[in-house]
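In each ligand, atom 1 is the first atom listed, and ligand 1 is the first ligand listed. Residue numbers run from 1 in the order of the sequence given.
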Amino acid sequence: MTMNGAESLVRTLVASDVNVCFTNPGTSEMHFVAALDSVPGMRCVLGLFEGVVTGAADGYHRLSGGPASTLLHLGPGLANGLANLHNAKKARSGIVNVVGDHATYHLKHDAPLTSDIEGVAAPMSNWVKSSPKAEGIAADGALAVEAARTAPGQIATLILPADTAWNPGGAPVTAKAAAPRAAVDADAVKAAAKALTAAGAGGMLMLGGVALREKALDYAGRIAAKTGCRLLSEGQNARMERGAGRVKIDRVPYVVDMARNVLKDVKHMVLCGAKQPVAFFAYPNKPSILTPEGCEITRLASFEHDLEGALEALAAELGALGEAPAHKADMKRPDLPSGAVDLDKIAAILGALLPENAVVVDESVTSGRGFFPLTSGAPAHCWLNGMGGSIGYAMPVSIGAAVAAPDRKIVTLEGDGSGMYTVQALWTMARENLDVTVIVFANRAYRILQGELTNVGVQNPGPRAVDMLSLDRPAVDWTNMAKSLGVESSRATDCEGLIRAIRHGLAVDGPYLIELVL
Ligand SMILES: Cc1ncc(C[n+]2csc(CCOP(=O)(O)OP(=O)(O)O)c2C)c(N)n1
């Protein structure tokens, strides 16, 4: 018996090592859902909102380095998932979206769910294709996987009409292996070496993407030791490896004046997998570009290059391979504080308790701006940021990280405002028993926007403006909400309570939520 198109697609994905599917299906995807049963090797994870589904696929790629698939219901389902697809695209995560559509012959009737799916997909995808024939869907599926795996990682959206899914399909196709990342050319290495040698302490190596992995950072540390250049990363990073034994690296601060101050003495910036730093937003009378006037810029490598290889080549060019890396973090845990919580004490508690190999998913917004110094001496761990500025990324990304790395403890630092965008993620964590400890910073406000109101020049905001930025009327009851979604939880109001709750969260195998009242 021949298989239908949906089954040939699922078999293609599994044959191409795509073996996780984050789903939120509807009628048009029923043949794909049925095919998941008949094909072994695909783990299916249900999300109750499409932003959870797409964010989970982002987190999966950040930890595993390979794409997961998603299953989304026509244009509206995809549209619900777009914000986190935007974040994933900015994180340069590879994802294979499968979006169901009406049967090709049904489209002309303009039924309720008919929409321009390609139009919805295009801005947040690097690759889009609709597959009108069941015999061709396996080959198109393989192309989608190849697109998703193209370095550094791409969003591929494959549209699957219902008749393509149910008509007899062709044989499954195995996607071609990804091409290795391209090496940087020798001229770029020579130019970067010349720039850093001439600039000395006025030189800066700006790192992003996979240049923030342990080995690449080690080469950067040797380069800093040899030339005296400073090391810095972009303001947000998809995955930074840090902690004891690794080269310590800071981020460009969010606040424009702070960022300008950090960068004010840079004479020559060498970019490796990073962009020249710019402000998150424009503000009246403030610059968009954060580097000082006259700062020269040299690009060593772009996001898609072999960044570890680029840094190794630069270190070799500089004769720095034999140097001991500068800025290595020693193992140093802060003392546990007590009494009322403040942001520095929270940082100390995290620095004291983060377990080896933890994955920190950071959407703490204003609460976490100062978390880096006191956590840099914790055992080796990695730190994930939101990459597209669209809040509601952290709990979904934590799902994908936990699915990709089941042996690691995931610690999610979540603003109470941000958390409400994709709160359904807690249900998936409970259902899949994912090892995630979520700390919600319950300051009952959009605290960052209270500051932004002043930053954009609004003096003395009135009660209506203030009311748009406060979340205390009513206050969200996070502990009961978590419980109702199946996640054990507790509330902490002081350091002792927070320490106890984090220890408990880390000790249990499944998800745990802590509402930290600020
Ligand atoms: C999708 C989306 N909607 C709105 C915003 C604007 N925004 C940025 S931060 C923020 C509030 C964050 O509040 P919370 O997570 O509680 O952190 P806090 O500022 O209190 O530290 C909002 C609404 C955004 N960035 N993305």
Side-chain angles (χ1 to χ4, degrees), residues 49-56 58 78-91 120 123-124 235-236 251 253-256 258 278-283 341-347 350 360-372 384-398 411-426 438-456 458 461 464-479 481-482 491-492 498 513-518:
F49 173 67
E50 291 85 348
V52 173
V53 169
T54 53
D58 179 6
L78 173 62
N80 274 344
L82 280 186
N84 272 337
L85 268 191
H86 160 84
N87 285 331
K89 191 172 178 223
K90 295 280 182 178
V120 175
M124 298 350 180
Q236 308 76 231
R251 294 177 294 181
Y254 175 82
V255 178
V256 172
M258 286 169 68
V278 295
F280 221 91
F281 292 105
Y283 301 90
V341 278
D342 62 30
L343 301 181
D344 287 338
K345 287 187 190 175
I346 299 170
L350 290 173
V360 178
V361 186
D362 181 4
E363 191 165 41
S364 52
V365 197
T366 57
S367 299
R369 282 189 182 153
F371 284 172
F372 254 34
L384 280 49
N385 292 123
M387 294 302 289
S390 179
I391 55 177
Y393 97 98
M395 292 199 284
V397 161
S398 301
V411 177
T412 310
L413 308 178
E414 187 64 276
D416 54 354
S418 301
M420 283 303 291
Y421 286 70
T422 44
V423 68
Q424 307 89 339
L426 291 168
V438 182
I439 306 172
V440 176
F441 299 98
N443 61 13
R444 320 284 191 214
Y446 284 165
R447 180 80 73 232
I448 188 173
L449 298 184
Q450 295 171 339
E452 294 291 58
L453 206 54
T454 323
N455 291 339
V456 298
V458 177
R464 267 188 248 169
V466 171
D467 195 44
M468 288 305 99
L469 311 179
S470 49
L471 306 182
D472 56 353
R473 193 167 57 83
V476 174
D477 181 344
W478 277 93
T479 52
M481 178 151 61
R491 184 172 290 138
L498 178 60
L513 181 139
I514 302 159
E515 176 178 0
L516 174 60
V517 180
L518 294 176

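Summarising the geometry of L343 relative to S367, their closest heavy-atom pair is CD2-O, 3.6 Å, with the distance given to 0.1 Å. For the residue pair G235 and R251, the shortest heavy atom distance occurs at O-CD, 3.4 Å. Across A91 and D58, no two heavy atoms sit closer than the pair CB-OD1, 3.9 Å. When all heavy atoms are compared, the tightest approach of P396 to A425 is N-CB, 4.0 Å.
Test L384, V411, V360, V361 against S398 for side chain to side chain contact (heavy atoms under 4.5 Å, CB included) and you get one pass: V361. None of V440, L516, I514, D477 except one satisfies the side chain to side chain contact (heavy atoms under 4.5 Å, CB included) rule with R491; the exception is D477.
Considering only non-hydrogen protein atoms, atom 1 (C) of ligand 1 sits nearest to S390 OG, 3.3 Å. Protein heavy atom in closest approach to atom 14 (P) of ligand 1: G417 N, 3.6 Å. Nearest protein heavy-atom contact of atom 13 (O) of ligand 1 is Y446 CD2, 3.5 Å. Summary of contacts: the protein heavy atom closest to atom 3 (N) of ligand 1 is Y421 OH, 3.4 Å. At the shortest separation from atom 17 (O) of ligand 1 among protein heavy atoms lies V365 CB, 3.4 Å.
Residue R447 places at least one N or O, backbone or side chain, under 3.5 Å from an N or O of ligand 1. For ligand 1, the polar-atom distance check finds an N/O of I391 within less than 3.5 Å of one of the ligand's N/O atoms. Residue-to-ligand polar distances place G389 within reach of ligand 1: an N/O pair is separated by less than 3.5 Å. Considering backbone and side-chain atoms alike, E363 places every N or O at 3.5 Å or more from each N or O of ligand 1.
Interface atoms of ligand 1 facing L449, defined by a heavy-atom separation under 4.0 Å, are 22 (C), 23 (C). Near T366, meaning under 4.0 Å from any of its heavy atoms, are these atoms of ligand 1: 18 (P), 19 (O), 21 (O). Interface atoms of ligand 1 facing N443, defined by a heavy-atom separation under 4.0 Å, are 18 (P), 20 (O), 21 (O). Distances below 4.0 Å separate heavy atoms of A445 from the following atoms of ligand 1: 16 (O), 20 (O). Every atom of ligand 1 is numbered from 1 in the order shown, and the set under 4.0 Å from a heavy atom of I448 is 9 (S), 10 (C), 11 (C), 18 (P), 19 (O).
If you look at F441 next to ligand 1, there are no close heavy atoms at all, none under 4.0 Å. Neither the backbone nor the side chain of A83 has a heavy atom within less than 4.0 Å of ligand 1.
For atom 24 (C) of ligand 1, the nearest protein heavy atom lies under 4.0 Å away.
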Original post:
Checking side-chain contact (heavy atoms from CB on, under 4.5 Å) for the pair R369/V255: CA distance, chi angles, key distance, verdict?
Top reply: CA-CA 10 Å; R369 282 189 182 153; V255 178; 4.0 Å; yes
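Side-chain polar atoms of Y254 and Q236 form no donor-acceptor pair below 3.5 angstrom.
With values rounded to the nearest 0.5 angstrom, S390 atom OG is found 6.0 Å from H86 atom NE2.
A donor-acceptor pair is defined here as one N or O able to donate and one able to accept, closer than 3.5 Å; no such pair exists between the side chain of E414 and the backbone of V438.
Every side chain to side chain donor-acceptor pair (under 3.5 Å) that D467 has, sequence neighbours left out, goes to R473.
Within the set G368, S418, G415, the minimum heavy-atom distance to atom 12 (C) of ligand 1 is found for S418.
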